[in-house]
Amino acid sequence: MPFAVEEEIIRHDAVVLGGGLAGMRAALEAARCGADVAVVSKVYPTRSHSVAAQGGINAALGEDDSWESHAFDTVKGSDYLADQDAASILCREAPGDILELEHMGVIFNRREDGRLAQRPFGGAGFPRTCFVADITGHVILHVIWEQSIRDSVATYDEWFAVSLIVEDGRCRGLVAMDMRTGRLHTFEAKAVILATGGLGRVYEPSTNGLICTGDGMALAYRAGAALMDMEFTQFHPTTLFPSGVLITEGARGEGGHLLNALGERFMSDYAPERLELASRDVVSRAEQVEIDSGRDVNGCVMLDLRHLGRDLIMTKLNQIHELAMDLAGVDLVTETVPIRPGMHYQMGGVKTDVDGRSTLPGLYAAGECACVSVHGANRLGGNSLLETVVFGRRAGRTAAQEAAEEHFVNLTPAIAREQAERIDALLSRSDRGIRTAALRRELGAAMQEHAGIFRDAAGLGAGVDALHDLKNRFEAVSIQDHGSVFNTDLVSALELDNMLDLAEVMVTSSLERRESRGAHARRDYPERDDDGWLKHTIALHTPDGPRLEFGPVTITEWQPQVRSY
Ligand SMILES: Cc1cc2nc3c(=O)[nH]c(=O)nc-3n(C[C@H](O)[C@H](O)[C@H](O)COP(=O)(O)OP(=O)(O)OC[C@H]3O[C@@H](n4cnc5c(N)ncnc54)[C@H](O)[C@@H]3O)c2cc1C
């Protein structure tokens with residue numbers, strides 16, 4: 001039976017794809033600008049990965065701090081690849097956005113004198129990370145969600161987007177499956193805002209939720225929008241073994257130590273000034289060197305919080321105390337916990353300008369799926385939540401304003417029918433093909449092996465071959481659930497298809513960049529090379545794989561310097 005296509009077209013001025021922080025903030029702003037706006041999300045919005053953010057959100061609010069200092073730290077953290085106009089906007093607008101969140105109802109922790117508390121984070125010259133204990137994302141997402149209900153933003157939750165619609169060189173809408181019925185619907189919009197989050201699950205293990213499969217990046221890429229800097233993947237220094245679940249940087253921000261098997265605080269050898277609070281790329285590499293040199297404890301190093309005392313741990317790090325107990329059987333008050341670096345964040349994404357416009361007219365992007373670029377080659381902890389609210393707001397406003405100048409073009413369900421045929425073809429394969437889950441595990445392992453913390457030409461070349469092989473074998477994936485109601489087997493296969501395209505871009509870009517910068521550490525090119533590589537990598541889709549181009553980095557105030565912590 002052919003997959004069902006709904007004939008009726010759903011129309012909104014602006015459609016936001018994604019109900020995490022970036023999507024909700026964009027929708028709120030578009031609604032406030034007078035647009036009729038809808039959010040489409042494959043999960044109930046408050047289950048988006050933003051809900052898992054623990055450590056906090058940055059803004060220069062301190063008496064002696066300044067947005068310029070925050071911007072400098074961000075640019076230095078990025079290993080000078082961030083666009084400095086974008087980083088300046090991020091940091092200059094941060095205090096206003098934090099106060100706005102506070103006024104909306106986010107109950108940030110406070111100091112004794114009543115001002116907002118701020119904890120030190122890696123690579124930051126001042127304590128400037130605002131937090132709600134270690135459940136910051138949870139609280140902010142719920143508050144913004146409540147605001148969007150008040151402002152009557154329509155939501156289509158548990159709807160899975162399968163394609164963008166491009167006509168006459170402009171993005172005009174998207175096709176999404178209502179997962180409750182399996183029917184494919186056409187959304188027509190004068191502006192589409194992508195806020196689909198990260199692609200963490202391209203690697204295994206990852207700190208990211210299982211839903212972080214990069215769908216929006218893949219949809220944009222196939223629709224002709226440019227992706228940028230996809231070789232820059234952040235490995236977080238403290239993830240639990242073997243699950244990969246995150247222990248927040250707040251643990252080090254509050255004073256936690258890293259120890260090797262000999263009990264040494266090894267960071268003094270790698271970052272003598274900032275120690276455990278150097279940038280994430282620096283700390284993760286240091287851990288990996290300790291592990292590879294045999295000073296490991298079963299493939300891990302140890303995080304020690306014991307000296308912080310029970311009171312601090314149980315009030316400010318309560319969630320990770322619980323996670324360490326449940327997942328590693330460790331009581332952080334009295335014991336050290338084994339941790340290792342793990343895939344956490346994708347710096348690259350859909351290339352946008354500072355107002356969220358992608359390279360495809362009518363398509364905007366914000367949050368982790370976008371690359372503005374404020375994080376460059378390495379993101380500072382606490383800057384991603386900030387990016388979602390600052391650039392979510394800016395994208396929402398721009399999209400609403402530009403939508404007001406556009407007209408509906410009366411789309412037909414033609415693209416939905418094409419997508420139905422694609423799905424029919426998947427469903428009609430033999431039941432005895434390869435299972436999606438098996439191929440997904442292989443993909444994760446291949447990325448971890450070939451495009452991990454340290455890379456080289458041989459490994460990345462093998463990675464490109466592995467990706468071609470996986471893409472070929474995807475043609476033999478079969479779906480055993482032939483039903484239409486909540487067919488998660490089908491959705492996983494469509495997600496895997498997205499992940500394979502993105503992984504190919506990631507390894508190809510990594511192989512091409514012959515230098516070490518931020519999170520991209522090449523053993524065969526160990527130095528940063530500003531003459532050759534102070535430029536963005538831009539990837540465009542072709543039927544034969546990605547075509548790479550390069551674009552300039554915007555430098556305003558801060559010339560590249562040697563980066564040490
Ligand atoms: C464990 C963890 C802790 C973190 N802690 C911090 C922190 O303390 N501070 C910080 O700054 N950053 C932190 N980060 C990073 C930060 O949380 C994320 O980068 C950010 O929240 C991403 O928000 P987003 O709105 O871009 O995407 P998400 O919150 O991931 O939302 C993506 C949305 O897109 C929707 N979607 C995706 N694909 C489809 C599709 N095909 N169809 C329909 N809908 C779709 C999903 O349903 C979801 O609603 C953390 C990340 C993790 C994983």
Side-chain angles (χ1 to χ4, degrees), residues 15-27 39-59 119 121 129-132 134-138 140-141 144-145 155-164 174-179 187 193-201 206-219 234 236 238-240 244-250 253 280 319-320 323 342-347 349-350 365-370 375 379-389 391-392 395 491 494-495 497-498:
V15 170
V16 181
L17 187 57
L21 272 177
M24 280 299 164
R25 187 64 192 84
V39 170
V40 176
S41 173
K42 67 179 174 179
V43 295
Y44 193 75
T46 51
R47 296 182 69 89
S48 304
H49 188 64
S50 294
V51 83
Q54 301 172 347
I57 176 165
N58 296 338
R119 57 171 48 132
F121 248 43
T129 305
C130 300
F131 57 96
V132 185
D134 54 0
I135 53 166
T136 312
H138 178 101
I140 302 179
L141 185 61
I144 295 198
W145 167 230
T155 52
Y156 297 82
D157 50 76
E158 299 185 327
W159 286 54
F160 183 81
V162 293
S163 177
L164 296 176
L174 53 89
V175 177
M177 181 202 303
D178 177 355
M179 291 165 67
F187 285 80
I193 306 176
L194 291 179
T196 44
L199 52 64
R201 285 290 164 171
S206 161
T207 65
N208 287 199
L210 288 167
I211 56 172
C212 297
T213 52
D215 303 343
M217 293 181 202
L219 262 46
Q234 178 161 81
H236 194 289
T238 53
T239 72
L240 287 175
V245 166
L246 182 76
I247 295 285
T248 173
E249 185 158 311
R280 286 182 178 168
Q319 180 183 223
I320 61 156
L323 287 173
M343 194 293 173
H344 181 57
Y345 185 84
Q346 179 62 7
M347 266 75 73
V350 178
E368 190 168 341
C369 75
H375 309 305
R379 166 175 82 86
L380 294 189
N383 267 359
S384 174
L385 290 185
L386 179 61
E387 179 187 18
T388 65
V389 288
F391 289 100
V491 167
L494 295 170
E495 289 174 336
D497 198 10
N498 293 336

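Each ligand, and each atom within it, is numbered from 1 in the order the structure gives. Treat the numbers as computed from the prediction; the structure is a model and nothing was measured.
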Minimum distance, heavy atoms only, to [atom]: which one of [options] is it?
{"atom": "atom 14 (N) of ligand 1", "options": "E495, R379, H236, M177", "result": "R379"}
{"atom": "atom 31 (O) of ligand 1", "options": "G382, G137, G20, C369", "result": "G20"}
{"atom": "atom 20 (C) of ligand 1", "options": "G18, G209, S50", "result": "S50"}
{"atom": "atom 34 (O) of ligand 1", "options": "T196, T155, I144", "result": "T196"}

Hey, does [Y] have a side-chain heavy atom less than 4.5 Å from the side chain of [X]?
{"X": "V15", "Y": "Y156", "answer": "no"}
{"X": "Q346", "Y": "Q234", "answer": "no"}
{"X": "L17", "Y": "L219", "answer": "yes"}
{"X": "Y345", "Y": "H375", "answer": "yes"}
{"X": "Q54", "Y": "T136", "answer": "no"}
{"X": "V162", "Y": "L494", "answer": "yes"}
{"X": "I140", "Y": "T388", "answer": "no"}
{"X": "R201", "Y": "E495", "answer": "no"}

[X] to ligand 1: N or O pair under 3.5 Å?
{"X": "S41", "value": "yes"}
{"X": "T388", "value": "no"}
{"X": "S384", "value": "yes"}
{"X": "G19", "value": "yes"}
{"X": "C212", "value": "no"}
{"X": "A22", "value": "yes"}

List every atom of ligand 1 that sits less than 4.0 Å from any heavy atom of [X], numbering the atoms from 1 in the order shown and giving each element.
{"X": "T207", "value": "1 (C), 53 (C)"}
{"X": "W159", "value": "42 (N), 43 (C)"}
{"X": "L246", "value": "1 (C), 2 (C), 3 (C)"}
{"X": "A195", "value": "32 (C), 33 (C), 34 (O)"}
{"X": "L17", "value": "42 (N), 43 (C), 44 (N)"}
{"X": "L385", "value": "9 (N), 10 (C), 11 (O), 12 (N), 17 (O), 21 (O)"}
{"X": "D215", "value": "38 (N), 39 (C), 40 (C), 41 (N)"}
{"X": "V43", "value": "47 (O)"}

Is it the side chain, the backbone, both or neither of [X] that has a heavy atom closer than 4.0 Å to ligand 1?
{"X": "R47", "answer": "neither"}
{"X": "L141", "answer": "neither"}
{"X": "H49", "answer": "both"}

Taking [atom] as the reference point, the nearest protein heavy atom with its distance:
{"atom": "atom 44 (N) of ligand 1", "result": "K42 N, 2.9 Å"}
{"atom": "atom 17 (O) of ligand 1", "result": "A53 CB, 3.6 Å"}
{"atom": "atom 26 (O) of ligand 1", "result": "E368 N, 2.9 Å"}
{"atom": "atom 50 (C) of ligand 1", "result": "H344 CE1, 3.7 Å"}
{"atom": "atom 48 (C) of ligand 1", "result": "S48 OG, 3.3 Å"}
{"atom": "atom 27 (O) of ligand 1", "result": "G197 CA, 3.2 Å"}
{"atom": "atom 9 (N) of ligand 1", "result": "G56 O, 2.8 Å"}
{"atom": "atom 8 (O) of ligand 1", "result": "G55 N, 2.7 Å"}

Would you call I57 a ligand 1 contact, heavy-atom distance under 4.0 Å?
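In this structure, I57 fails to qualify as a contact of ligand 1 - no heavy atom is under 4.0 Å.
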Take every heavy atom of T136, measure it against each atom of ligand 1, and state whether any distance is under 4.0 Å.
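Per 4.0 Å heavy-atom rule, T136 does not contact ligand 1.
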Given 3.5 Å as the limit, does a donor-acceptor pair link the side chain of D134 with the main chain of I320, or not?
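Checking the backbone N and O of I320 against the side chain of D134, a donor-acceptor pair under 3.5 Å is found.
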Are the side chain of H49 and the backbone of G209 linked by a donor-acceptor contact shorter than 3.5 Å?
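Pair found, side chain donor or acceptor close to backbone of G209.
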Passing option when M24 is tested against S50, P45, S48 for side chain to side chain contact (heavy atoms under 4.5 Å, CB included)
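It is P45; the other options fail the test.
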State, without any angle test, whether T207 and H344 hold a side-chain donor-acceptor pair at a distance under 3.5 Å.
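On atom types as modelled, these side chains qualify, holding a pair under 3.5 Å.
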Verify the distance criterion only: is there a donor paired with an acceptor across the side chains of N58 and T129 at less than 3.5 Å?
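A pair is found: one side chain offers a donor N or O, the other an acceptor, under 3.5 Å apart.
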Working to the nearest 0.5 angstrom, can you tell me the gap between N498 CG and T196 OG1?
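The CG atom of N498 sits 9.5 Å away from the OG1 atom of T196.
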Heavy-atom pair of closest approach, residues L194 and G216
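For L194 versus G216, the nearest heavy atoms are CD1-O, 3.6 Å.
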Of all the heavy-atom pairs spanning T239 and H236, show the shortest one and how long it is.
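Looks like CG2-O, 3.8 Å.
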Walk me through it: do T213 and L199 pass the test side-chain contact (heavy atoms from CB on, under 4.5 Å)?
CA-CA 4 Å; T213 52; L199 52 64; over 6 Å; no
K42 and D157 ion-paired at < 4.0 Å:
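No, this pair does not count.
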